[in-house]
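Have a look at the structure below, then the notes.
A note on names: the letters A, B, ... follow the listed sequences, proteins ahead of strands, and every chain is numbered from 1.
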Amino acid sequence: MFVCHCGTNIAGVVDIARVVEAAKRMPQVVYVSDNKYTCSDPGQGSIKNAIGEHKLDRVVVSACSPRMHEKTFRKAVAQAGLNPYMLEIANIREHDSWVHAFDKEGATAKAIELVRLAVAKVSRDAQLHARQIGLTKRALVIGGGIAGIQAALDIANSGHEVVVVEREATIGGRMAQVDKTFPTLDCSACILSPKMVELSSHPRVTLLTYAEVVSVKGFLGNFEVEIRQKARKVDHASCTGCGTCWQKCPEKVKSDFDLGLGERTAIYIPFPQAVPPKPVIDLESCRYMKYLAFTASGAEGKKPPQCRICEKLCPTGSIDWEQKDKILTEKFGAIVVATGFKTFDHSAYGEYGAGAYPDVITGLQLERMMSASGPTGGEVRRPSDGAHPKTVVFVSCVGSRDEAKGRAYCSKVCCMYIAKHAIMLKEHDPEVQSFVFYIDIRAGGKGYEEFVRRAQEEYGAIYLRGRVSKIYQEGRKLKVLGEDSLIGRPVEIDADLVVLATGIEPSTGVVDLAQRLSISYDTDRFLVEAHPKLRPVETQTDGVFLAGVCIGPKDIPETVAQGSAAAAKVAALFSQEYITTDPMTATVDLMKCTGCMLCAQVCPFKAIGSQTMRDGKVLANVNESLCKGCGLCAAACRGKAIDLRGFTNQQLLAEVTSLWQ
Amino acid sequence: MPSPVIPESRSPVSRFVIEHSGQNPARCYQCGKCTAGCPAAPDMDMGPRQVMRALQLGMGREVLSCNSIWVCLQCQTCSSRCPKEIDIAKVMESLRLMAILEGHPAAEKNIALFNEVFLDVVKRHGRAYELEMGALYNLRSGHPTANARILVELVAKGRLALLPPAVRGVAKVRRLFDEAEAARRRVGREVRG
Amino acid sequence: MKQEARAPSEKRGGGQNTFSYYPGCALKSSAREYDISARLCCESLGIELRELADWTCCGASSAHATSDVLAVALPGKDLHAASEAGYPLVTACAMCFSRLKIAAHETADMATRTLAGDVSGNIVPVMHLLEVIDSRLASLVPNKGLAGLKVACFYGCLLVRPKAVAIDDAENPQVMDRLMRTIGAEPMPWAFKTECCGAGLPLARPDIVRRLSHRILLSAAAVGADCVAVACPECHANLDMHQAGMGGKHGGEVRVPVVYFTQLLGLSLGFSPYELHLDRHMVDPLPALSSKGLA
């Protein structure tokens, strides 16, 4: 028994001497000592020495939370030759001295009780042994934006195979839609394209675009994933990407990539630098598909045209109308989730016209207009009449920091991209005057604050501190009503163009994916890290890692850093030849199990399956690689057939009964 | 420049507002969307955002003597657009009630007078009697001929009831007024403490 | 039994044809044309309005501005009477609607409810006439469509705010627009549908009322509306009565007729402009109506 002072953290409240005295009087306790800092080297040394000297066969450390130092003490105990699981920790800091700081007497009494519990439990500790299992050294990256690209490249370059699954017809993600990056004004496409090409040509990377993850089974090191390759109706093996089809296709629809500002054809590549540079057919707009649907429905009237122009013109005969969705089943040892984001839909803002005013656009739409390969060829024009706007108003925090619209969080990048837009607008057209309504300017980052100052000092953007209350059309102008809270008066601006800095939110479908992967998401649907500070790219599910904006809003450098961080985690995992599992898992007593399978229903980790016995009975079976030892099954089991190693029913009962001994 | 503010975290006015309106001024992050959309802001000493700020800083006296709490139209535009979902109109209402309970002189005498006249007439007849209201208001505000043109035109178009409304439930209405007045006195004493 | 009888009214009046009617003070005096046209329309549509016996004033904005007790107790008294009668309570006045519905909302937990008798038990639903008519749009067949009439539907504040008692969206409500479309008129998209007209300040601060009403009317004129349709006597008074004094330093003069939505509905149902008192407004709507062949 080792009682820790933790400096004054514990000793300042709990009377250590009395705890030591009480422990000495407890049966089974043969040795008690106290340390200033038990976790320190001398502290650990005193444990090891005592084990040897007094032939101790089990140990209680009364100190801080097991979350803090359980691993430390298990190691110390093991080094002294004991089974590392012959150790219990009585948490007399978080559970006692910290929360009862003003009741020293009570805290001391509670510490003694906590010690008594631990002694009762430790005397029933059994030797447990970790197991080792093999692993598949092949990674899956979900999402082909800059986070996924970076993660995949780093994993591949560390010598492992990677499969990248991207839902869209091209990789590149949101960064491909951006014209320039802040604060350096690098051309986004110019720095992204080489990475896209590098990924697609990497010998250890398999790129699955236009594909989605359907199901995930298995566990750390041994995942089995079903992936749906959506039908492209184009054979990418023979297609050369010559472009004849998409140049000649007669069916034009609004381009998602250009956010409705431009058009694309029904057979298309999303943008000129798309990877792979080969088209897909959008089944919803293709004329031949409409023709087929019409004839299949048996409806009367004039048939739509058959079209099939792409098929007729394709020099390699790559159009394949028979192509269907395909399910691929692949094995992986680790998964990186990098599903990114979409922007907030401003139709929730009735006060800004809810999308009814054509010249109220979003920041990303402006980005597309500024792009040389965008719908206006790099010119900023009003969607309503094509005129060059002279007065442009930016509205910050649309769908950010707005609890009334269900978005309390800050989207982090908007302040910076507004400043970038204001600078670029002035460079496009020196006659442009930008006005920026903001609540607070968030410019934490290298060179960011200087960049925002430049927008104001050198490029003449006028910043007004206040949130816009209303925008409405008045003739050809847009009337913007705000307040400048620094001067304390309402402000009215007649604008030619209004740019809403719409916030960031997780991609569509991320909740479904999270459920398939058994990882958690928060109320805003961002994925949750294993620890917000110390395990920022891991999840509670071993072997599943996160990178980029799917965790929370962030800019490109942070996203890239997380891609690399997740890759480093995968590489570290793959550097092992086998995986060691925690032995504190559930076990089923097959003599007591009735096969009701209630345990399987309550298990949050899908760790319980069934096994058929020789006599034909179907009983519960715990997959120890998946089991996290949470104990829900043990609590749910009606026949008390399930026990949790390290927390057996017998141990818990002993703890409880010790309280009235 | 006005004199320096001495911030106070728990002023009686802020406490009354929190209790009466159920709104917490600390939630306001001063974005100004309320003032930007407030139709009466140009006629206010302090816009709604500044009123919220004054409450955060405990500037009770100043808030009670500003005209904003009287000019507020209770149109609820501020409350309906507030990104922090603060019912700012309710805060304005609480402040106005506190000014009345405290016997604080109204910064907009005529608005207070109109409310007084309106309620006097309702108490007397059980319903509003527009002719009497107009006349009483004109007399008490010292502008006996105000709105005469509109009045004449209304009468000419048969759009003004000339006789007072006759309602059977007047006694009940008067009792409600008396009870409300008693409640006002009681709360007023508590507020003045 | 009583509960059962009320059940249909829960569905926004669907199936229910009898209502307790609360005209409110203004509709008995300066807004008589609203009362008259509302009654004509309802009769024609088979909606039975039974005027609530001995109703008294809801307290309007003055009670609300002066005493939170009175603000609930006055409408509470009428709510109590309506709940005794058992029919859903309908009113055409937006102010009365707001005060009654807020009182119904608040009496659940306000100590003041005892003042008005116990109204916390079975409170009948409070509805604005627009809601009642909206629930019958499918079966509304106009006698004479108002083709070519461009209408700026003005909702003001009290029908759409606060959210707890609103009958439609606060920024771009559609309920009156739908009705206008059904009777053949053209509801104009405009940005001032739910702006404030100046509310109860025409005597104390006529300058504010003129400033606010003026920009509403200018905006209606700018979108080419032939008239503004309202659902509130206070909005009507502010927008209609003060046009002569507008303009000057706030911009140009403006002459836009302001009518009640019930008057336009009445026209479409075949009533004459005179039956609907369309000739009694300060800004005469008859020239605009007759230019479209509607009067």
Filtered by a 4.5 Å non-hydrogen cutoff, the part of residues 26-35 of chain C contacting chain B is A26(C), K28(C), S29(C), S30(C), R32(C), E33(C)

Contact residues of residues 36-54 of chain B (partner chain C; heavy-atom separation under 4.5 angstrom): P39(B), A40(B), P42(B), D43(B)

Mind ranking V160(C), I208(C), D279(C) by heavy-atom pairs under 4.5 Å with chain B and telling me who comes out on top? I208(C)

Pick one of side chain, backbone, both or neither for D240(C), based on which atoms fall under 4.5 Å of a heavy atom in chain B. side chain

Under 4.5 Å from a heavy atom of chain B, the part of L203(C) involved: both

Which bit of H277(C) comes within less than 4.5 Å of chain B, counting heavy atoms only: side chain, backbone, both or neither? neither

For chain C, which residues of residues 110-129 of chain B have at least one non-hydrogen atom nearer than 4.5 Å to it? N110(B), I111(B), F114(B), N115(B), F118(B), L119(B), V122(B), G126(B), R127(B), A128(B)

Most contacts with chain C, counted as non-hydrogen pairs under 4.5 angstrom, among A146(B), S79(B), G158(B): G158(B)

Distance check, rounded to the nearest 0.5 Å: E108(B) atom CD versus L201(C) atom CG? 8.5 Å

Q76(B) versus P162(C): any side-chain heavy-atom pair under 4.5 Å? yes

Among the listed options A170(C), A63(C), S61(C), G24(C), the residue most often paired with chain B at heavy-atom distances under 4.5 Å: A63(C)

Heavy-atom side-chain proximity of L70(C) to E181(B) below 4.5 angstrom: no

Chain C-proximal positions within residues 16-27 of chain B [heavy-atom distance under 4.5 Å]: H20(B)

For R15(B), I'd like to know if atom CZ has over 12 heavy atoms of other residues, nucleotides or ligands within 6.0 Å. yes

I'd like to check E171(C) versus R81(B) (side-chain heavy atoms, cut-off strictly below 4.5 Å). Are they in contact? yes

Specify which of T56(C), L212(C), D54(C) makes the most heavy-atom pairs with chain B at under 4.5 Å. D54(C)

Run H281(C) and R159(B) through side chain to side chain contact (heavy atoms under 4.5 Å, CB included) and show every step you take. CA-CA 9 Å; H281(C) 297 307; R159(B) 282 181 54 190; 4.1 Å; yes

Identified side-chain contact (heavy atoms from CB on, under 4.5 Å) partner of L97(B) from the options T66(C), D68(C), V69(C): D68(C)

Per-residue contact mode, T77(B) against chain C (heavy atom under 4.5 angstrom): both

Beyond-backbone contact of V167(B) with W55(C), side-chain heavy atoms, under 4.5 angstrom: no

Counting heavy-atom pairs under 4.5 Å to chain B, which of C25(C), A65(C), G59(C), S62(C) comes out on top? S62(C)

Atom OH of residue position Y274(C) - does it have more than 12 heavy atoms of other residues, nucleotides or ligands inside 6.0 Å? no

Could you tell me which portion of I100(B) (side chain, backbone, both or neither) has an atom closer than 4.5 angstrom to a non-hydrogen atom of chain C? side chain

State the CG-CE distance between L154(B) and M241(C), to the nearest 0.5 angstrom. 4.0 Å

Taken to the nearest 0.5 Å, the spacing of Q74(B) CD from R161(C) CZ works out to 11.5 Å

